[in-house]
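One structure coming up, written as C-alpha coordinates, with questions to follow.
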Amino acid sequence: MAAKESKELAKPEASKNLSPFAEMERMFEVFHKSPFSLFGPSWWPGTRFPEMDDITATVDIFEQDNDVVLKAEVPGMKKEDIDVNLSENTITISGKKERQEKIEKKDYYRLERSYGSFKRSFHLPSGVQSDKAKANFKDGVLEVRIPKTEEARKKEKKVSID
(Lines give C-alpha, C1' and ligand atoms only; values in the text may rest on other atoms or scores of the structure.)
Protein backbone atom coordinates (compact mmCIF):
# COMPACT_ATOMS: atom_id res chain seq x y z
CA MET A 1 0.00 0.00 0.00
CA ALA A 2 1.46 3.37 -0.99
CA ALA A 3 1.94 5.96 1.71
CA LYS A 4 -0.49 8.83 1.45
CA GLU A 5 1.21 12.19 1.02
CA SER A 6 0.13 14.79 3.52
CA LYS A 7 -1.35 17.97 2.09
CA GLU A 8 -0.95 19.86 5.33
CA LEU A 9 -0.04 23.46 4.54
CA ALA A 10 0.52 24.81 7.99
CA LYS A 11 0.95 23.10 11.32
CA PRO A 12 -1.20 24.32 14.21
CA GLU A 13 0.73 26.61 16.47
CA ALA A 14 1.10 25.30 20.01
CA SER A 15 0.52 28.31 22.20
CA LYS A 16 0.70 26.74 25.64
CA ASN A 17 3.48 24.14 25.47
CA LEU A 18 6.34 26.22 24.18
CA SER A 19 9.94 25.25 24.75
CA PRO A 20 11.85 27.64 27.04
CA PHE A 21 13.64 29.12 24.01
CA ALA A 22 10.40 29.61 22.07
CA GLU A 23 8.80 31.21 25.12
CA MET A 24 11.78 33.58 25.46
CA GLU A 25 11.55 34.49 21.76
CA ARG A 26 7.81 35.16 22.16
CA MET A 27 8.50 37.41 25.16
CA PHE A 28 11.09 39.39 23.18
CA GLU A 29 8.56 39.89 20.38
CA VAL A 30 5.91 41.03 22.86
CA PHE A 31 8.38 43.37 24.55
CA HIS A 32 9.39 45.01 21.29
CA LYS A 33 5.76 45.51 20.24
CA SER A 34 4.63 46.98 23.56
CA PRO A 35 7.32 47.22 26.25
CA PHE A 36 4.97 47.81 29.17
CA SER A 37 2.83 44.75 28.48
CA LEU A 38 5.28 42.61 30.46
CA PHE A 39 4.14 44.41 33.59
CA GLY A 40 0.76 42.75 33.27
CA PRO A 41 -1.00 40.13 35.36
CA SER A 42 1.90 37.76 36.00
CA TRP A 43 4.07 40.44 37.63
CA TRP A 44 1.30 42.51 39.23
CA PRO A 45 -1.50 40.09 40.13
CA GLY A 46 -4.99 41.51 39.81
CA THR A 47 -3.84 44.29 37.49
CA ARG A 48 -4.67 44.31 33.80
CA PHE A 49 -3.91 46.76 31.08
CA PRO A 50 -6.36 45.72 28.33
CA GLU A 51 -5.44 48.69 26.16
CA MET A 52 -1.99 47.09 25.86
CA ASP A 53 -3.18 43.54 25.20
CA ASP A 54 -2.23 41.92 21.95
CA ILE A 55 -5.07 40.80 19.80
CA THR A 56 -4.62 38.06 17.28
CA ALA A 57 -6.43 36.40 14.46
CA THR A 58 -6.88 32.65 14.67
CA VAL A 59 -6.20 31.19 11.24
CA ASP A 60 -6.92 28.01 9.27
CA ILE A 61 -5.25 27.39 5.90
CA PHE A 62 -6.40 24.52 3.72
CA GLU A 63 -7.02 23.41 0.14
CA GLN A 64 -10.55 23.25 -1.18
CA ASP A 65 -11.36 22.33 -4.77
CA ASN A 66 -8.81 24.28 -6.84
CA ASP A 67 -8.08 26.97 -4.23
CA VAL A 68 -5.88 27.53 -1.24
CA VAL A 69 -8.16 29.03 1.42
CA LEU A 70 -7.23 31.12 4.46
CA LYS A 71 -9.92 31.71 7.08
CA ALA A 72 -9.18 34.07 9.93
CA GLU A 73 -11.40 34.91 12.88
CA VAL A 74 -11.21 38.60 13.73
CA PRO A 75 -14.17 39.23 16.04
CA GLY A 76 -15.25 42.77 16.75
CA MET A 77 -13.47 44.21 13.71
CA LYS A 78 -14.79 45.78 10.52
CA LYS A 79 -13.44 45.02 7.08
CA GLU A 80 -12.06 48.57 6.89
CA ASP A 81 -9.77 47.74 9.85
CA ILE A 82 -8.15 44.73 8.12
CA ASP A 83 -5.40 44.63 5.49
CA VAL A 84 -4.50 41.63 3.33
CA ASN A 85 -1.23 41.69 1.39
CA LEU A 86 0.08 39.00 -0.92
CA SER A 87 3.60 38.66 -2.22
CA GLU A 88 4.81 35.75 -4.34
CA ASN A 89 4.31 32.96 -1.77
CA THR A 90 3.45 34.87 1.41
CA ILE A 91 0.17 36.22 2.70
CA THR A 92 0.10 38.80 5.48
CA ILE A 93 -3.03 39.82 7.35
CA SER A 94 -2.99 42.73 9.74
CA GLY A 95 -5.49 44.89 11.51
CA LYS A 96 -6.19 47.25 14.33
CA LYS A 97 -9.06 47.19 16.82
CA GLU A 98 -9.52 50.50 18.57
CA ARG A 99 -11.54 51.23 21.65
CA GLN A 100 -14.89 52.60 20.48
CA GLU A 101 -15.78 54.39 23.65
CA LYS A 102 -13.82 56.30 26.22
CA ILE A 103 -15.22 55.58 29.68
CA GLU A 104 -13.52 57.38 32.49
CA LYS A 105 -13.99 56.85 36.21
CA LYS A 106 -16.44 53.99 35.92
CA ASP A 107 -16.63 51.17 38.43
CA TYR A 108 -15.77 48.10 36.42
CA TYR A 109 -16.53 44.63 37.71
CA ARG A 110 -14.54 43.03 34.93
CA LEU A 111 -12.43 44.40 32.09
CA GLU A 112 -11.44 41.77 29.49
CA ARG A 113 -12.03 43.17 26.01
CA SER A 114 -8.77 43.65 24.14
CA TYR A 115 -7.75 46.40 21.76
CA GLY A 116 -4.64 46.78 19.71
CA SER A 117 -3.16 45.58 16.47
CA PHE A 118 -2.01 42.30 14.99
CA LYS A 119 0.05 41.16 12.04
CA ARG A 120 0.45 37.55 10.88
CA SER A 121 2.28 36.17 7.86
CA PHE A 122 2.07 32.70 6.33
CA HIS A 123 3.96 30.95 3.56
CA LEU A 124 1.74 29.65 0.80
CA PRO A 125 2.50 26.59 -1.30
CA SER A 126 4.16 27.27 -4.63
CA GLY A 127 1.80 27.21 -7.54
CA VAL A 128 -0.80 29.75 -6.46
CA GLN A 129 -2.06 32.66 -8.52
CA SER A 130 -1.74 35.48 -6.00
CA ASP A 131 -2.88 38.05 -8.56
CA LYS A 132 -6.30 36.32 -8.69
CA ALA A 133 -6.92 36.18 -4.93
CA LYS A 134 -10.33 37.18 -3.62
CA ALA A 135 -11.27 38.13 -0.07
CA ASN A 136 -14.62 38.09 1.70
CA PHE A 137 -15.50 39.30 5.20
CA LYS A 138 -18.66 38.25 7.02
CA ASP A 139 -19.61 37.90 10.69
CA GLY A 140 -16.06 38.45 11.96
CA VAL A 141 -14.51 35.86 9.62
CA LEU A 142 -12.11 36.86 6.85
CA GLU A 143 -11.87 34.36 3.99
CA VAL A 144 -9.19 34.66 1.31
CA ARG A 145 -9.29 32.29 -1.67
CA ILE A 146 -6.23 31.96 -3.89
CA PRO A 147 -6.57 29.76 -6.99
CA LYS A 148 -3.91 27.17 -7.69
CA THR A 149 -2.14 27.33 -11.03
CA GLU A 150 -3.05 24.89 -13.77
CA GLU A 151 0.42 23.37 -13.43
CA ALA A 152 -0.04 22.80 -9.68
CA ARG A 153 -3.40 21.13 -10.30
CA LYS A 154 -1.88 18.83 -12.94
CA LYS A 155 0.89 17.67 -10.58
CA GLU A 156 -1.61 15.66 -8.58
CA LYS A 157 -2.16 12.22 -9.97
CA LYS A 158 -3.88 9.11 -8.83
CA VAL A 159 -1.56 6.19 -8.15
CA SER A 160 -2.93 2.73 -8.84
CA ILE A 161 -2.51 0.07 -6.18
CA ASP A 162 -1.12 -3.29 -7.28
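Note that the structure is predicted; figures quoted are calculated from it, not measured.
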Validation row: Asp67, Ile146 side chains within 4.5 angstrom (heavy atoms) | no
Between atom CD1 of Ile91 and atom CD1 of Ile61, what is the distance when rounded to the nearest 0.5 Å?
-> 7.5 Å
At their closest point, which heavy atom of Val74 faces which heavy atom of Phe118, and how far apart are they?
-> CG1-CZ, 3.7 Å
Taking all non-hydrogen atoms of both residues into account, name the closest pair between Lys78 and Phe137 and its distance.
-> C-CE2, 4.0 Å
Here the gap from Lys119 atom NZ to Asp83 atom CG, rounded to the nearest 0.5 Å, amounts to 9.5 Å
Does a side-chain N-to-carboxylate-O contact under 4.0 Å join Lys96 and Asp81?
-> no
Show your reasoning for whether side chain to side chain contact (heavy atoms under 4.5 Å, CB included) applies to Ile82 and Met77.
-> CA-CA 8 Å; Ile82 302 167; Met77 296 184 75; 4.2 Å; yes
Test log, rule side chain to side chain contact (heavy atoms under 4.5 Å, CB included), inputs Val84 and Leu142 | CA-CA 10 Å; Val84 178; Leu142 170 70; 3.8 Å; yes
Residues Pro75 and Lys97: closest non-hydrogen pair is O-NZ, 3.9 Å
Would you give the length of the straight line joining atom CG of Asp139 to atom CD of Glu73, rounded to the nearest 0.5 angstrom?
-> 11.5 Å
Side chain to side chain contact (heavy atoms under 4.5 Å, CB included) between Val159 and Ile161, worked out = CA-CA 6 Å; Val159 177; Ile161 301 171; over 6 Å; no
Leu124 versus Val68: any side-chain heavy-atom pair under 4.5 Å?
-> yes
Which heavy atom in Val69 sits nearest to a heavy atom in Gln64, and how many Å separate them?
-> CG2-CB, 4.1 Å
Test log, rule side chain to side chain contact (heavy atoms under 4.5 Å, CB included), inputs Thr149 and Val128 = CA-CA 5 Å; Thr149 62; Val128 292; 5.9 Å; no
With no hydrogens and no angle check, is any side-chain donor or acceptor of Gln129 less than 3.5 Å from a backbone partner on Lys148?
-> yes
Considering non-hydrogen atoms only, spot the tightest contact between Ala72 and Ala57 and give its length.
-> CB-CB, 4.3 Å
Looking at CG of Leu86 and OG1 of Thr92, how far apart are the two atoms once the value is rounded to the nearest 0.5 Å?
-> 8.0 Å
Does a side-chain heavy-atom distance below 4.5 Å link Asn85 with Ile93?
-> no
Which heavy-atom pair separates Asn89 from Pro125 by the least distance, and what is that distance?
-> OD1-O, 3.8 Å
